Asks: 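Following this message is one structure expressed as structure tokens.
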Amino acid sequence: MTDREVGIDALSVYIPHFYLDLKDMAQANGVDPDKYYVGLGGKHMAILPPDEDPVTMAAEAAKALVESWNIDKKSIGMVIVGTESSVDGAKPIASFVHGLLGLPTECRVFDAQHACYGATAGLTMALNWCATRDKKALIIATDVARYDVRSAGEPTQGAGAVAMVISSNPSLLKIRQDIDAAYSNHVFDFFRPLYRSTAVVDGKFSLECYLTALECTYERFKKQTGLNLSDLDFLLFHVPFPKMAYKAFARLYEIESKERSLPPLSDIFEDMTGCALWANREVGNIYSGSLYLALAGLLETPNINPATKKVGMFSYGSGCCAEFLLGEFKGDQTRWKGKTGLIGHLSKRVKISYEEYIKIREAYEGKIPLNTLSLGNGSYYKYCGIIEHKRIYDNSSSDAPPMST
Ligand code: CAA
């Protein structure tokens with residue numbers, strides 16, 4: 001451990017080009033739209049077309065990160081992808097991304113998996129690694145959330161990637177590396193057996209596991225730092241669906257209000273958490289990237305300047321593993337405003353119908369050929385299918401060497 005400041009130096013988001021309105025899904029499922037809009041707090045859901053996958057999303061986010069934030073690729077000495085949407089049993093997504101971006105060979109490259117906690121595992125490892133060297137680490141959360149059609153989890157799907165550069169003297173968010181507010185418990189609240197493409201979930205139990213993990217990590221955080229809710233300016237959570245962040249906040253409020261007087265719940269929730277959730281409401285659950293999507297939302301919220309403010313961040317991965325982090329924003333918001341890519345992606349999106357959503361799922365499941373759907377999404381990297389057991393990506397316009405076939 002050193003006294004060097006470490007944290008997030010740059011952040012970039014990739015959101016697929018298509019979205020479904022939850023109202024259309026509610027109609028198809030014969031459900032009152034307010035169950036999804038109000039009960040779960042969602043609005044739209046990002047839909048991944050069949051010529052994209054978790055690799056292309058990760059590569060898109062990382063490419064934008066390098067270009068918009070002017071990152072020297074040679075400074076990157078570690079790439080960790082946090083994902084629960086692996087595309088191969090042995091070759092990590094990080095390896096594909098390393099190739100697609102043309103990153104240096106002097107580099108550690110691997111994936112970190114523990115459901116939605118994977119990216120946080122990568123981030124905390126990178127913080128320690130960066131504390132003792134001048135190199136940077138690239139951490140990418142990339143996932144596509146898929147549940148069975150007409151299951152309770154279906155309205156909480158989504159897709160997207162968040163890429164972050166971790167370094168010493170970060171320009172965006174300093175993160176305390178001396179706090180160990182972690183929690184683990186072997187539970188089957190949500191998991192995806194290798195033979196399935198959709199998650200198996202015990203919905204109500206998963207909520208209980210999430211809240212237990214929150215209480216435990218928060219208690220550890222308080223003990224180790226001497227801080228509590230009132231000392232924080234913002235509090236961000238893993239967001240499987242936006243209402244979950246409210247439930248989580250309300251649980252901590254209940255605990256804290258026994259010890260001190262607090263402003264009304266609805267006001268303090270909006271100021272500390274609710275203000276950041278608009279992006280999650282647009283995109284849905286992106287599993288390992290959901291917490292960091294809320295962070296991007298906060299950075300890009302008009303009329304909010306988080307510079308020099310403190311933020312608590314709760315990361316939860318089913319199974320389960322969780323951690324409570326403490327960050328402090330740096331002093332110059334011009335460094336990040338308008339640079340996460342979030343607003344650009346959301347403003348260019350195209351709405352699809354429920355029928356198109358079902359067709360995309362069928363193409364993904366191999367029930368109809370990939371090329372049946374010509375969606376023209378304008379993304380840079382394309383997934384082209386599997387030839388001789390190898391996943392093939394089209395990066396013909398990239399400056400990286402061509403991927404071997
Ligand atoms: N108008 C307004 N609200 C309505 C409504 C209506 N017409 N009808 C229902 N509601 C409300 C309900 O009252 C309920 O609100 P509260 O939770 O505040 O009581 C809410 O809508 C949801 O209704 P149900 O409880 O009946 O919902 P459900 O049984 O259909 O499923 C769910 C909800 C369990 C969250 C399900 O969507 C699910 O399984 N999701 C996936 C699992 C998940 O996200 N778990 C979160 C913790 S685990 C985790 O965080 C990891 C991860 O990313 C998956």
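If you read the sequence from its start, that first residue is 1, and numbering goes on from there. As the structure is a computational prediction, the values presented were derived from the model and not from experiment. Order of appearance sets the numbers: ligands from 1, and atoms from 1 within every ligand.
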Asks: Kindly state whether the ring of Y383 and the ring of Y393 have centres lying under 6.0 angstrom apart.
Replies: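 Yes: the rings meet the under 6.0 Å criterion.
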
Asks: Please find out if less than 6.0 Å separates the ring center of F249 from that of Y246.
Replies: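 Not close enough - the centres of the two rings lie 6.0 Å or further apart.
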
Asks: Is it the case that ligand 1 has an N or O less than 3.5 angstrom from some N or O of D189?
Replies: no

Asks: Strictly by modelled atom types, are Y357 and D24 linked by a side-chain donor-acceptor pair under 3.5 Å?
Replies: no

Asks: Establish whether atom 14 (C) of ligand 1 and some protein heavy atom are separated by less than 4.0 angstrom.
Replies: no

Asks: Please say whether C116 places an N or O atom under 3.5 Å from an N or O atom belonging to ligand 1.
Replies: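 No: no nitrogen or oxygen of C116 is under 3.5 Å from one in ligand 1.
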
Asks: Please write down residue, atom name and distance for the protein heavy atom closest to atom 23 (O) of ligand 1.
Replies: K35 CE, 3.5 Å

Asks: How far is atom 44 (O) of ligand 1 from its nearest protein heavy atom, and which residue and atom name does that atom have?
Replies: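 Answer, as residue, atom name and distance: P240 CB, 3.4 Å.
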
Asks: Would you verify whether the NZ or CZ of K63 falls within 45 degrees of the ring axis of Y380 while also being under 6.0 Å from that six-membered ring's centre?
Replies: yes

Asks: Can you report which non-hydrogen protein atom sits closest to atom 37 (O) of ligand 1, along with the distance?
Replies: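 Here the nearest protein heavy atom works out to A152 O, 2.9 Å.
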
Asks: To which protein heavy atom is atom 42 (C) of ligand 1 closest, and what is the distance rounded to 0.1 Å?
Replies: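 Closest protein heavy atom to atom 42 (C) of ligand 1: V201 CG2, 3.5 Å.
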
Asks: Within ligand 1, which atoms have a heavy atom of G153 less than 4.0 Å away?
Replies: 37 (O), 38 (C), 40 (N)

Asks: Within the 4.0 Å heavy-atom shell around Y210, which atoms of ligand 1 are there?
Replies: 50 (O)

Asks: Who's the nearest protein heavy-atom neighbour of atom 53 (O) of ligand 1, and how far?
Replies: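 Nearest neighbour among protein heavy atoms for atom 53 (O) of ligand 1, to 0.1 Å: H238 NE2, 2.8 Å.
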
Asks: In ligand 1, which numbered atoms sit nearer than 4.0 Å to a non-hydrogen atom of K247?
Replies: 16 (P), 17 (O), 18 (O)

Asks: At a 4.0 Å threshold, what atoms of ligand 1 neighbour a non-hydrogen atom of F190?
Replies: 54 (C)

Asks: Does a side-chain heavy-atom distance below 4.5 Å link I166 with V6?
Replies: no

Asks: Is a side-chain N or O of S85 found less than 3.5 angstrom from the main chain of V144, in a donor-acceptor match?
Replies: yes

Asks: With distance as the sole criterion, is a donor-acceptor pair present between the side chains of D9 and S171 under 3.5 Å?
Replies: yes

Asks: Take the angle between the ring planes of F324 and Y218 and call it parallel below 30°, perpendicular above 60°, tilted in between.
Replies: tilted

Asks: What atoms of ligand 1 come within less than 4.0 Å of a heavy atom belonging to T156?
Replies: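 The atoms of ligand 1 under 4.0 Å from a heavy atom of T156 are 37 (O), 40 (N), 41 (C).
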
Asks: Please write down residue, atom name and distance for the protein heavy atom closest to atom 29 (O) of ligand 1.
Replies: K204 NZ, 3.2 Å

Asks: Which class fits the ring pair Y19 and H44: parallel under 30°, tilted 30 to 60°, perpendicular over 60°?
Replies: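 It falls in the tilted class, 30° to 60°.
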
Asks: Using a 4.0 Å cutoff against the non-hydrogen atoms of G203, which atoms of ligand 1 qualify?
Replies: 34 (C), 39 (O)

Asks: Can you report which non-hydrogen protein atom sits closest to atom 45 (N) of ligand 1, along with the distance?
Replies: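 I find the closest protein heavy atom is S206 OG, 2.8 Å.
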
Asks: Looking only at protein heavy atoms, identify the closest one to atom 20 (C) of ligand 1 and say how far it is in Å.
Replies: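 Ranked first by proximity to atom 20 (C) of ligand 1 is G39 O, 3.6 Å.
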
Asks: Which ligand 1 atoms does S318 reach within 4.0 Å, using its non-hydrogen atoms?
Replies: 48 (S), 49 (C), 51 (C)

Asks: Y287 pairs by ring-ring contact (aromatic ring centres under 6.0 Å, His included) with which of Y292, F190, Y117?
Replies: F190

Asks: Quick check with a 6.0 Å cut-off and a 45 degree axis cone: is K43 positioned over the face of Y37's six-membered ring?
Replies: no

Asks: Verify, without hydrogens or angle tests, whether D111 (side chain) and I93 (backbone) share a donor-acceptor contact under 3.5 angstrom.
Replies: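 Yes, because the side chain of D111 sits within donor-acceptor range (under 3.5 Å) of the backbone of I93.
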
Asks: Output yes when the distance from some N or O of ligand 1 to some N or O of Y147 is under 3.5 Å, and no in every other case.
Replies: no

Asks: Do K243 and ligand 1 have an N or O pair less than 3.5 Å apart?
Replies: yes

Asks: Any nitrogen or oxygen of D32, side chain or backbone, less than 3.5 Å from one on ligand 1?
Replies: yes

Asks: List the steps, then state whether ring-ring contact (aromatic ring centres under 6.0 Å, His included) holds for F314 with H238.
Replies: CA-CA 6 Å; F314 173 69; H238 167 56; 8.1 Å; no

Asks: Under 4.0 Å from atom 32 (C) of ligand 1, is there any protein heavy atom?
Replies: no

Asks: At less than 4.0 angstrom from any non-hydrogen atom of D34, what atoms of ligand 1 do you find?
Replies: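 Matching atoms, with element in brackets: 1 (N), 2 (C), 3 (N), 6 (C).
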
Asks: May I ask you to test the Q224-D180 pair for a side-chain heavy-atom distance under 4.5 Å?
Replies: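 SC-SC contact between Q224 and D180 confirmed.
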
